[in-house]
Amino acid sequence: MKKLILLLTITTILFSCSSDSNSNNNNNSVDPACQSQDFVTKFNSIPNNATYNDIKAVFNGVDGDNYRNDQIGNSVLRFYKWYPCSDHNYYVDFWLFDNTTLLTKNRTIYDYSNSSNNVTSTSFSLLANGMSYNQIKTILNCDGDNYRVDVDTNIYYYRFYNSNDTSKYIDAWIKNGGAILLQKNL
């Protein structure tokens, strides 16, 4: 019986230690450079009428990764990414016609600084298409993170984060001052 208790005790200790070390090693932490607020600030500073050279200048003269080109009539739609770290899941992305006309700017580096514990299913139920950005941010009690702009269609994409768990959020797509799409991940 003593051997059984000793065996159970050792097994429990081993699994406890194993569990603790796994939880520390698999916490899905992200390299802070990948969530660079400097990249967010640079992205936000780029006007909707920026050219490729304007964007390149904002990123200290570094060329973007030209990962795709599409021939559309007499124009070429060029796609560029800049990366803040070696993990290429994090980037800022710009689509330009002939390197002179910005079509879309997008980022996968999110700004969690304006989050609220009011980003909930209850608050989501108070939102409606057609509401202005200001009405939405008042209900959710925080500014949205403008992570994408489709310049050609005048659509601004905002994400409102729950301050207790930033993996929970509400998206609002705003066109001509009013919400055209509201969705939640709560």
Side-chain angles (χ1 to χ4, degrees), residues 24-70 77-97 99-120 123-124 133-134 136-137 140-175 179-186:
N24 289 335
N25 292 332
N26 295 324
N27 63 4
N28 295 326
S29 62
V30 174
D31 175 357
C34 293
Q35 287 291 341
S36 169
Q37 289 306 296
D38 179 54
F39 260 60
V40 171
T41 301
K42 287 178 178 181
F43 174 90
N44 291 340
S45 75
I46 294 171
N48 290 348
N49 63 348
T51 66
Y52 174 79
N53 287 331
D54 297 333
I55 297 167
K56 179 179 169 181
V58 169
F59 291 100
N60 304 320
V62 174
D63 280 311
D65 173 16
N66 181 205
Y67 67 94
R68 178 177 162 188
N69 294 315
D70 293 346
L77 180 58
R78 299 178 193 278
F79 300 77
Y80 296 94
K81 290 181 182 176
W82 280 262
Y83 306 98
C85 65
S86 60
D87 183 342
H88 285 190
N89 289 313
Y90 299 91
Y91 56 84
V92 292
D93 188 20
F94 300 90
W95 308 356
L96 295 108
F97 275 117
N99 283 345
T100 59
T101 305
L102 182 61
L103 182 67
T104 296
K105 61 182 190 175
N106 180 47
R107 62 181 159 81
T108 62
I109 304 164
Y110 300 111
D111 182 1
Y112 303 112
S113 63
N114 290 309
S115 57
S116 166
N117 62 5
N118 206 37
V119 176
T120 63
S123 295
F124 181 79
Y133 170 78
N134 286 332
I136 293 168
K137 82 176 198 173
L140 299 178
N141 197 32
C142 64
D143 286 320
D145 177 20
N146 183 206
Y147 66 93
R148 179 177 172 150
V149 177
D150 288 344
V151 176
D152 64 324
T153 58
N154 197 35
I155 299 175
Y156 290 76
Y157 300 75
Y158 292 93
R159 184 160 287 169
F160 298 84
Y161 299 101
N162 180 295
S163 57
N164 297 318
D165 180 354
T166 55
S167 70
K168 296 180 179 181
Y169 57 84
I170 294 172
D171 277 342
W173 298 5
I174 309 292
K175 180 174 180 160
I180 59 168
L181 181 135
L182 298 162
Q183 64 183 5
K184 64 181 179 174
N185 181 41
L186 298 169

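In this chain, numbering begins with 1 at the start of the sequence shown.
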If every non-hydrogen atom of [X] is compared with every non-hydrogen atom of [Y], which pair is closest and at what distance?
X	Y	value
Ser167	Asn185	O-ND2, 3.1 Å
Arg107	Val92	CB-CG1, 3.7 Å
Pro84	Ser36	CB-CB, 4.0 Å
Cys142	Tyr161	SG-O, 4.5 Å
Leu140	Ser116	O-OG, 2.9 Å

Out of curiosity, [X] [atom1] to [Y] [atom2], how far, rounded to the nearest 0.5 Å?
X	Y	atom1	atom2	result
Asn134	Asp143	CG	CG	9.0 Å
Asp145	Ser115	CG	OG	10.5 Å
Gln37	Ser113	CD	OG	6.0 Å
Tyr157	Lys105	OH	NZ	13.5 Å
Asn48	Thr101	CG	OG1	12.0 Å
Tyr156	Asp150	OH	CG	10.0 Å

_Tell me every residue that passes ring-ring contact (aromatic ring centres under 6.0 Å, His included) with Phe43, counting only those two or more places apart in sequence or in another chain._
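Scan of Phe43 (ring-ring contact (aromatic ring centres under 6.0 Å, His included), adjacent residues dropped) gives Phe94.
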
*Return the set of residues passing ring-ring contact (aromatic ring centres under 6.0 Å, His included) with Tyr158 (not counting sequence neighbours), or none when no residue passes.*
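Only Tyr133 meet the ring-ring contact (aromatic ring centres under 6.0 Å, His included) criterion with Tyr158.
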
*asked:* Between Asn106 and Thr104, do the side chains contain a donor N or O and an acceptor N or O under 3.5 Å apart?
replied: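 Asn106 and Thr104 do not have a side-chain donor-acceptor pair below 3.5 Å.
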
_Any donor-acceptor pair under 3.5 Å linking the side-chain atoms of Asp93 with those of Tyr80?_
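Per modelled atom types, Tyr80 and Asp93 side chains form no pair under 3.5 Å.
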
*asked:* Against Leu102, only a single residue in Asn49, Val149, Val151 fulfils side-chain contact (heavy atoms from CB on, under 4.5 Å); can you say which?
replied: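 So the option named by the test is Val151.
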
[X] side chain near [Y] side chain, heavy-atom distance below 4.5 Å:
X	Y	result
Asp165	Lys168	yes
Ser45	Val58	yes
Leu96	Ile55	yes
Lys137	Phe160	yes
Phe124	Val119	no
Tyr147	Tyr110	yes
Leu186	Ile170	yes
Asn118	Ser123	yes

_Counting the benzene-type ring for Trp, do Phe39 and Tyr83 have ring centres under 6.0 Å apart?_
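Ring centroids of Phe39 and Tyr83 are no less than 6.0 Å from each other.
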
Is the backbone N or O of [Y] less than 3.5 Å from a side-chain atom of [X], with the two atoms forming a donor-acceptor pair by type?
X	Y	result
Thr108	Asn89	yes
Asn66	Phe79	yes
Asn117	Asn164	no

*Leu77/Asn69 under side chain to side chain contact (heavy atoms under 4.5 Å, CB included): CA gap, chis, key distance, verdict*: CA-CA 6 Å; Leu77 180 58; Asn69 294 315; over 6 Å; no

*List the steps, then state whether side chain to side chain contact (heavy atoms under 4.5 Å, CB included) holds for Tyr91 with Ile109.*
CA-CA 6 Å; Tyr91 56 84; Ile109 304 164; 5.9 Å; no

_Audit row: Gln35, Tyr90, side chain to side chain contact (heavy atoms under 4.5 Å, CB included) steps and yes/no_ = CA-CA 7 Å; Gln35 287 291 341; Tyr90 299 91; 3.1 Å; yes

*For a side chain to side chain donor-acceptor pair (under 3.5 Å) with Arg159, tell me which candidate from Asp111, Asn146, Asp171 qualifies.*
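Passing option: Asp171.
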
*Evaluate the criterion side chain to side chain contact (heavy atoms under 4.5 Å, CB included) for residue pair Lys42 and Asn60; output intermediate values, then yes/no.*
CA-CA 10 Å; Lys42 287 178 178 181; Asn60 304 320; 3.1 Å; yes

_Basic-acidic side-chain contact under 4.0 Å: Asp54, Lys56_ =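 No, this pair does not count.
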
